[in-house]
Enquirer: 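Take this structure first; my questions come after.
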Amino acid sequence: MASDSANTLPVLIVGGGIGGVATALALSRRGRPVQVLEQAHEFREIGAGIQMPPNAFKAFAALGVLDAVRAVAAYPDDLKFGDMLTGEIVYRAPIDDGFISRFGYRYALLHRADILECLVAACRESDLVTLTPGERVTRFTDVGDRVVVETAAGTIYEGCGLVCSDGLWSLGRAALIDDGLPPTDGYVLCRGVVPVEDIPEELYSKTVTMWGGPGLDFFHYPLRRHEIFNIGASYFDPHIQPGPNYPTITREHFLRQFKDACPHVKALLQHIDVSRTWVLHHRLPVKDWSKGRVTLLGDAAHPTSIYISQGACMALEDAVILAEIVGETSSIEQAFEQYRNARYLRTARIQFTSREFGKLYHARGVQRELRNRLLSQAGPGALADALAWLWGSDLSATQEGVC
């Protein structure tokens, strides 16, 4: 354990989502007291389903929640990519015994709320974790031997260090990096979950199916022990402006974007909830996300596009690596710097890779035809080979070959 003079103070964490709560749990398992400050009045995840490749399960194992998470997961038979216009499946990657043997875990599908519930439950079993909802952090100051945090309610908290896991619109990032609003590629996302029994049998499958179209994408897969079905779609809108906004659209406007989609996609689009939308943003990789007793984690540090399903995975990995280094380093400042050094290249590669996959999904014209031809000629192990550096690496601060 670090010998920092402020060790009697807790590590403060801003943000009670998956990354923040995972960090609290990881640090508590290293013997560090932690307090999580969450602006919402309860620790509750919004959103829908996420794909969780094998590297996420290495983090779940390190956090001691592997069995709990496995119990609420769904497991696909394979991963498929289809051309949205023709309805043709052009690539299939089986999740078979060879996949599990290679990467150690299955590829799983989880609801965000289920992941957070598992993490929160584990935190509540620890005397070292204090979960504090209803506190919106408005400012913080590194005063040298500690960090002082102030909330909108006027409450003052002191900690030996501060981890800002407060997402894309991070207060901590604004203070440490000050790189303005994140840009958008102009894509609007709609998503939601429906009971499996509401999906016609001919439209249901136990696969992860991703459909690509010109400036469009669509995905669907089961969740929660195959009890619910996750559906999402995004489309390009050249008029969208960056910012923390949720555009209001009509169902007619939404369906019009997919007027050229194949019948299968059009039928499933009827089940998407368009009452809330998200504008997709990104940032280019940066290195300097730690300064003194303050560091960033997850989307606050390295927000990534959705196309290789690594946003939550990276936050979970961050949590485990940060706690490992804090537990073995002589001061919080040194620990935060070493954590940054251990993570920035891997997360940067994920940010770049994910954006390139997005271009593949959204290809138009000859690029779309080329994509379909190449994917149809690729072997079933091609995806696993391409992402083996990501799915198969060890989860350790001293890991080699992670990027």
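Position 1 is the first residue of the sequence, and the numbers go up from there.
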Enquirer: Does CD belonging to Gln367 count more than 12 external heavy atoms closer than 6.0 Å?
Expert: no
Enquirer: For Val188 and Phe254, what are the C-alpha separation, side-chain angles and deciding distance, and is it a side-chain contact (heavy atoms from CB on, under 4.5 Å)?
Expert: CA-CA 10 Å; Val188 178; Phe254 172 72; over 6 Å; no
Enquirer: Assign the ring pair Trp211 / His264 to parallel, tilted or perpendicular, where the plane angle (0 to 90°) is split at 30° and 60°.
Expert: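 The arrangement is tilted - the two ring planes meet at 30° to 60°.
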Enquirer: Judged by atom type as modelled, is there a donor-acceptor pair below 3.5 Å linking the side chain of Ser126 to the main-chain atoms of Cys123?
Expert: no
Enquirer: Among Leu109, Asp77, Asp78, which residue meets the side-chain contact (heavy atoms from CB on, under 4.5 Å) test with Lys206?
Expert: Asp77
Enquirer: When you measure from the side chain of Ser305 to the backbone of Ser354, do you find a donor-acceptor pair of N or O atoms at a distance under 3.5 Å?
Expert: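 Such a contact is absent between Ser305 side chain and Ser354 backbone.
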Enquirer: Can you confirm whether more than 12 heavy atoms, excluding those of Asp198, are under 6.0 Å from its CG atom?
Expert: yes
Enquirer: Would you find a donor on one side and an acceptor on the other, under 3.5 Å apart, between the side chain of His220 and the backbone of Phe218?
Expert: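 It does not hold such a pair.
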Enquirer: In the structure I gave you, are the side-chain heavy atoms of Val274 and Leu255 within less than 4.5 Å of one another anywhere?
Expert: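 No. Closest side-chain heavy atoms not under 4.5 Å.
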Enquirer: With a 4.5 Å heavy-atom cut-off, do Arg70 and Arg106 have their side chains touching?
Expert: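 Heavy-atom side-chain distance check fails, nothing below 4.5 Å.
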Enquirer: Determine, step by step, whether Asp217 and Met210 satisfy the side-chain contact (heavy atoms from CB on, under 4.5 Å) criterion, reporting the C-alpha distance in whole Å, the side-chain angles of both residues, the deciding distance to 0.1 Å, and the verdict.
Expert: CA-CA 7 Å; Asp217 64 77; Met210 312 291 293; 5.9 Å; no
Enquirer: Do the side chains of Ile177 and Asp288 get nearer than 4.5 Å, heavy atoms only?
Expert: no
Enquirer: Say you draw a straight line from OG1 of Thr353 to CG of Leu387; how long is it, rounded to the nearest 0.5 Å?
Expert: 7.5 Å
Enquirer: I need the Leu216 CG to Ser234 OG distance, nearest 0.5 Å.
Expert: 7.5 Å
Enquirer: Identify the heavy atoms of Ala233 and Phe219 that sit nearest to each other, and give their distance.
Expert: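 Shortest heavy-atom separation between Ala233 and Phe219 comes out as N-CE2, 4.1 Å.
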Enquirer: To the nearest 0.5 Å, what is the distance between CD1 on Ile350 and CZ on Phe357?
Expert: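 One finds 11.5 Å between CD1 of Ile350 and CZ of Phe357.
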Enquirer: Taking all non-hydrogen atoms of both residues, which atom of Leu63 and which atom of Ala22 are closest, and how far apart?
Expert: CD2-O, 3.6 Å
Enquirer: In the structure I gave you, are the side-chain heavy atoms of Val34 and Leu128 within less than 4.5 Å of one another anywhere?
Expert: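 Not touching, per the 4.5 Å side-chain cut-off.
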Enquirer: Taking Arg343 for the side chain and Glu317 for the main chain, is one N or O donor matched with an acceptor at less than 3.5 Å?
Expert: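 Judged by distance alone, no pair lies under 3.5 Å.
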Enquirer: Of the non-hydrogen atoms in Thr207 and Pro222, which two are nearest, and what is the gap between them?
Expert: O-CD, 3.7 Å
Enquirer: Can you tell me if CD on Glu117 sees more than 12 non-hydrogen neighbours from other groups inside 6.0 Å?
Expert: no
Enquirer: Quick check: does any side chain N or O of Arg293 sit under 3.5 Å from a backbone N or O of Leu162, one acting as donor and the other as acceptor?
Expert: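 A pair under 3.5 Å: no.
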Enquirer: According to salt bridge (Lys or Arg N to Asp or Glu O under 4.0 Å), does anything in residues 364-393 pair up with another residue at least two apart or in another chain? List the pairs.
Expert: Asp83-Arg368, Asp83-Arg371, Arg102-Asp385
Enquirer: What are the two closest non-hydrogen atoms of Glu158 and Leu9, and how far apart are they?
Expert: O-CD2, 4.2 Å
Enquirer: Short question: side chain of Lys58, backbone of Trp391 - any donor-acceptor pair under 3.5 Å?
Expert: yes
Enquirer: Is there a donor-acceptor contact under 3.5 Å from the side chain of Glu88 to the main chain of Val90?
Expert: no
Enquirer: Minimum heavy-atom separation for Thr184 and Gln241, please, with both atom names.
Expert: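 For Thr184 versus Gln241, the nearest heavy atoms are CG2-C, 4.3 Å.
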Enquirer: Can you check whether Val137's main-chain N or O pairs, donor with acceptor, with Gln39's side chain at less than 3.5 Å?
Expert: no
Enquirer: State, yes or no, whether a side-chain contact exists between Tyr204 and His226 at a heavy-atom distance under 4.5 Å.
Expert: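 When only atoms from C-beta onward are counted, His226 and Tyr204 do touch, with a gap below 4.5 Å.
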Enquirer: Can you establish whether the number of heavy atoms outside Arg139 located under 6.0 Å from its atom CZ is more than 12?
Expert: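 12 or below, so no.
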Enquirer: For the side chain of Thr329 and the backbone of Ala335, is there at least one donor-acceptor N/O pair under 3.5 Å apart?
Expert: no
Enquirer: Between Phe57 and Phe60, how do the two ring planes meet: parallel, tilted or perpendicular, split at 30° and 60°?
Expert: perpendicular
Enquirer: Checking side-chain contact (heavy atoms from CB on, under 4.5 Å) for the pair Phe229/Leu268: CA distance, chi angles, key distance, verdict?
Expert: CA-CA 11 Å; Phe229 204 57; Leu268 280 171; 4.1 Å; yes
Enquirer: Determine, stepwise, if the pair Ile13 / Leu297 fulfils side-chain contact (heavy atoms from CB on, under 4.5 Å).
Expert: CA-CA 10 Å; Ile13 299 173; Leu297 184 140; over 6 Å; no
Enquirer: Testing the 3.5 Å rule here: is there a donor-acceptor pair between the side chains of Thr151 and Glu135?
Expert: yes
Enquirer: Rounded at 0.5 Å granularity, tell me how far CG in Leu131 sits from CZ in Phe43.
Expert: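 Result: 4.5 Å between the selected atoms.
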Enquirer: In this structure, which one of Val147, Val326, Val11, Leu12 forms a side-chain contact (heavy atoms from CB on, under 4.5 Å) with Cys160?
Expert: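 Between Cys160 and the candidates, side-chain contact (heavy atoms from CB on, under 4.5 Å) is satisfied uniquely by Val11.
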Enquirer: Restricting to non-hydrogen atoms, name the atom on Pro53 and the atom on Gln310 that form the minimum distance, rounded to 0.1 Å.
Expert: CG-NE2, 3.5 Å
Enquirer: Using a 3.5 Å distance criterion without hydrogens, assess whether the side chain of Ser376 forms a donor-acceptor pair with backbone atoms of Asn372.
Expert: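 Indeed, once roles are kept as given, a pair shorter than 3.5 Å links the two residues.
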Enquirer: Taking salt bridge (Lys or Arg N to Asp or Glu O under 4.0 Å) as the cut-off, I'd like each qualifying pair that reaches into residues 163-180, sequence neighbours left out, listed once.
Expert: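 Passing the test, one end in residues 163-180: Arg173-Asp179, Asp179-Arg283.
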Enquirer: Could you measure the distance from the CG atom of Asp299 to the OG1 atom of Thr347? Nearest 0.5 Å is fine.
Expert: 11.0 Å
Enquirer: So His362 and Asp185, side chain to side chain donor-acceptor pair (under 3.5 Å) or not? Walk me through it.
Expert: CA-CA 12 Å; His362 302 142; Asp185 289 329; over 6 Å; no
Enquirer: Does CD in Glu201 sit with more than 12 non-hydrogen atoms of other residues, nucleotides or ligands closer than 6.0 Å?
Expert: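 Result for CD/Glu201: open.
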Enquirer: Are Ser396 and Glu324 close enough that some pair of their side-chain heavy atoms sits under 4.5 Å apart?
Expert: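 A side-chain contact exists here, since the closest heavy-atom pair is under 4.5 Å.
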Enquirer: Check the pair Arg346 / Ser393 against side chain to side chain donor-acceptor pair (under 3.5 Å), numbers first and verdict last.
Expert: CA-CA 11 Å; Arg346 176 172 171 86; Ser393 60; 3.0 Å; yes
Enquirer: Name the one of Tyr361, Tyr235, Phe236, Tyr307 that satisfies ring pair (Phe, Tyr, Trp, His ring centres under 6.0 Å) with Tyr187?
Expert: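 With Tyr187 as partner, Tyr361, Tyr235, Phe236, Tyr307 yield a single ring pair (Phe, Tyr, Trp, His ring centres under 6.0 Å), made by Phe236.
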Enquirer: Please determine whether the number of non-hydrogen atoms from other residues, nucleotides or ligands lying under 6.0 Å from atom CZ of Arg112 exceeds 12.
Expert: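 Atom CZ in Arg112 is packed in, count exceeds 12.
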Enquirer: Can we say Asp142 and Lys291 salt-bridge, meaning some charged N sits less than 4.0 Å from an Asp/Glu carboxylate O?
Expert: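 No salt bridge links Asp142 with Lys291.
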Enquirer: Does Leu66 reach the side chain of Tyr105, with side-chain heavy atoms less than 4.5 Å apart?
Expert: yes
Enquirer: Heavy atoms, side chains only, cut-off 4.5 Å: are Val163 and Tyr339 in contact?
Expert: no
Enquirer: To the nearest 0.5 Å, what is the distance between CG (Asp318) and OG (Ser165)?
Expert: 8.0 Å
